[in-house]
Amino acid sequence: MNTGSLLSLVRADLQAFAGYSSARSSALVGDVWLNANESAWANPADAAGGARRYPDPQPAALRDRLAELYGCSSEQLLIGRGSDEAIDLLVRALCEPGRDAVVTTPPVFGMYAVCARLQNAPLIEVPLVDQGDALVADIDAVIAAALGGNTKLVFLCSPSNPAGSVIPLAEIERVAIALQGRALVVVDEAYGEYAEQPSATTLLSRYENIAVLRTLSKAHALAAARIGSLIADAALIQVLRRCQAPYPVPAPCAELALAGLGAESLAITTQRIAKIKAERTRLQSGLVALPGVVRVYPSQGNYLLARFADAQGAFDALLAAGVVVRDQRAAPQLGDALRITIGSPDQNDRVLAALMARRAAA
Ligand SMILES: *Cc1c(COP(=O)(O)O)cnc(C)c1O
């Protein structure tokens, strides 16, 4: 596999694009920095003065730490403002507006379609298939659809939001092989920490046209810091860097993220992931036992997708008890479904109590 064929997936007009040359990116050395029109003094509210200067576009310590965490090299990793920014960046850099398509598997996380729409990239939707006990991606149909259109990007969400299913690595490999030289297969692992199978980053050394999205927003509890990662071929990462905003990672966010990935924080995060998985099992059994619950799909994320005989009634009962869940009824195939995030044990008890009380009242 040669990188030449991978870089040919980048929009022709961007392949030689140099992007913005930031004040921090050149190899200049000095102790008086008067090249970026920054203030000579710190803001009075910024005691340590850490915010006075523009930040490193890709804070090196954080990048190294994330690469270590996700099992890749630093050169294969791009930090973005959430993985949302990475999705947008991929669509903008690879899809020629009006021509190059994006494949998605609805019902699924909405940002792939939003970014495609903003870029005027045709959207090819390959619905998940309901096997009764699981709502899963139809990999043969994904491959066929991608080969049929001018597809540049295939977004595979694993674990799937909202369906909860994972795509086996062997299936992801199958897509990558079929689309070699034609499209990039992006595996969104926003919930990878809750899943039972290894990350698709373990496939990167064998398939240059696989990319993986990770985030600190979910299991790492840092949604407001907006730190997401794109992991892909190093040459592709370089191209995408040139298309990204000049200073995408605010210094206070980078600092918080680095602290949040320190040994102590990480040990606590790991315990919480185990707790959420146990609560997921408990909430699932609790829900299944309630009349009026038609189906609860098995989930490898920190949420459960459930079908109700009366989804409106269930939604209202939860809301009346002060519990806000995600109404999925506008999504294809999910006209009777709600997505419930796994909370603390107390919060999950409130979900069950509210749905139970509704039954007693009925
Ligand atoms: C929440 C979520 C994201 C967004 O993550 P950020 O890093 O916060 O932008 C991406 N993909 C999926 C599937 C998600 O559910």
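On a predicted model such as this, the values are computed, not experimentally measured, just so you know. When reading the values below, keep in mind they use all heavy atoms of this one structure, side chains included, and skip hydrogens, waters and symmetry mates.
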Any side-chain heavy atom of [X] sitting closer than 4.5 Å to one from [Y]?
X      : Y      : value
Gln119 : Glu96  : no
Leu261 : Leu62  : yes
Val293 : Leu290 : yes
Arg182 : Leu147 : yes
Val212 : Asp188 : no
Arg65  : Leu266 : yes
Leu135 : Val129 : no
Thr281 : Lys277 : no

Exercise: identify the closest heavy-atom pair between [X] and [Y]:
X      : Y      : value
Thr151 : Ala145 : OG1-O, 4.1 Å
Ala141 : Val126 : CB-CG1, 3.5 Å
Phe17  : Arg242 : O-NE, 2.7 Å
Pro246 : Pro57  : O-CB, 3.6 Å
Ala42  : Gly49  : CB-CA, 3.8 Å
Gly301 : Arg280 : O-NH1, 2.9 Å

Are [X] and [Y] in one and the same hydrophobic cluster, where Ile, Leu, Val, Met, Phe, Trp and Tyr link if side-chain heavy atoms are under 4.5 Å apart?
X      : Y      : result
Phe315 : Leu334 : no
Val136 : Val187 : no
Ile143 : Leu128 : no
Leu319 : Leu287 : yes
Val249 : Leu77  : yes

Please work out whether the ring planes of Tyr247 and Tyr20 are parallel, tilted or perpendicular, with thresholds of 30° and 60°.
-> perpendicular
Parallel, tilted or perpendicular: which describes the rings of Phe155 and Tyr112, with under 30° parallel and over 60° perpendicular?
-> parallel
State whether a side-chain donor-acceptor pair under 3.5 Å links [X] with [Y].
X      : Y      : result
Gln300 : Gln197 : no
Asn161 : Arg339 : yes
Thr270 : Glu193 : no
Asp130 : Tyr297 : yes
Gln347 : Arg350 : no

Flag, side chain of [X] to backbone of [Y], donor-acceptor distance under 3.5 Å:
X      : Y      : result
Lys152 : Leu9   : yes
Gln15  : Leu7   : yes
Ser158 : Ile167 : yes
Ser160 : Cys157 : no
Thr201 : Gly71  : no
Gln76  : Ser73  : yes
Glu173 : Leu203 : no
Asn209 : Ala176 : yes
Gln244 : Ile79  : yes
Arg214 : Ser229 : no

Exactly one of Leu258, Leu222, Leu256, Leu66 clears side-chain contact (heavy atoms from CB on, under 4.5 Å) with Ile227, and that residue is Leu66
Do Val324 and Leu318 pass the side chain to side chain contact (heavy atoms under 4.5 Å, CB included) test, and can you show the C-alpha distance, the side-chain angles, and the key distance before you say yes or no?
-> CA-CA 7 Å; Val324 186; Leu318 286 164; over 6 Å; no
Atom [atom1] of residue position [X] - does it have more than 12 heavy atoms of other residues, nucleotides or ligands inside 6.0 Å?
X      : atom1 : answer
Glu264 : CD    : no
Arg174 : CZ    : yes
Arg282 : CZ    : yes
Arg52  : CZ    : yes
Arg11  : CZ    : yes
Asn37  : CG    : no

Say you draw a straight line from [atom1] of [X] to [atom2] of [Y]; how long is it, rounded to the nearest 0.5 Å?
X      : Y      : atom1 : atom2 : result
Leu123 : Cys115 : CG    : SG    : 11.0 Å
Leu240 : Leu78  : CG    : CG    : 6.5 Å
His220 : Ser265 : NE2   : OG    : 10.5 Å
Arg99  : Asn150 : CZ    : CG    : 6.0 Å
Leu90  : Leu230 : CG    : CG    : 5.0 Å
Phe109 : Leu213 : CZ    : CG    : 9.5 Å

Go through Ile342 and Asn348 one step at a time and tell me if the side chain to side chain contact (heavy atoms under 4.5 Å, CB included) criterion holds.
-> CA-CA 7 Å; Ile342 312 297; Asn348 302 330; 3.8 Å; yes
Passes side chain to side chain contact (heavy atoms under 4.5 Å, CB included), Leu184 versus Leu6? Steps please.
-> CA-CA 8 Å; Leu184 184 70; Leu6 180 68; 4.1 Å; yes
Would you call Glu189 and Lys218 a salt bridge, taking side-chain N to carboxylate O under 4.0 Å as the test?
-> no
Scan Arg295, Arg329, Arg307 and name whichever one has a salt bridge (Lys or Arg N to Asp or Glu O under 4.0 Å) with Asp336.
->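 Of the listed residues Arg295, Arg329, Arg307, the salt bridge (Lys or Arg N to Asp or Glu O under 4.0 Å) partner of Asp336 is Arg307.
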Applying side chain to side chain contact (heavy atoms under 4.5 Å, CB included), run through Leu338 and Asp327 and close with a yes or a no.
-> CA-CA 5 Å; Leu338 305 176; Asp327 187 353; 4.0 Å; yes
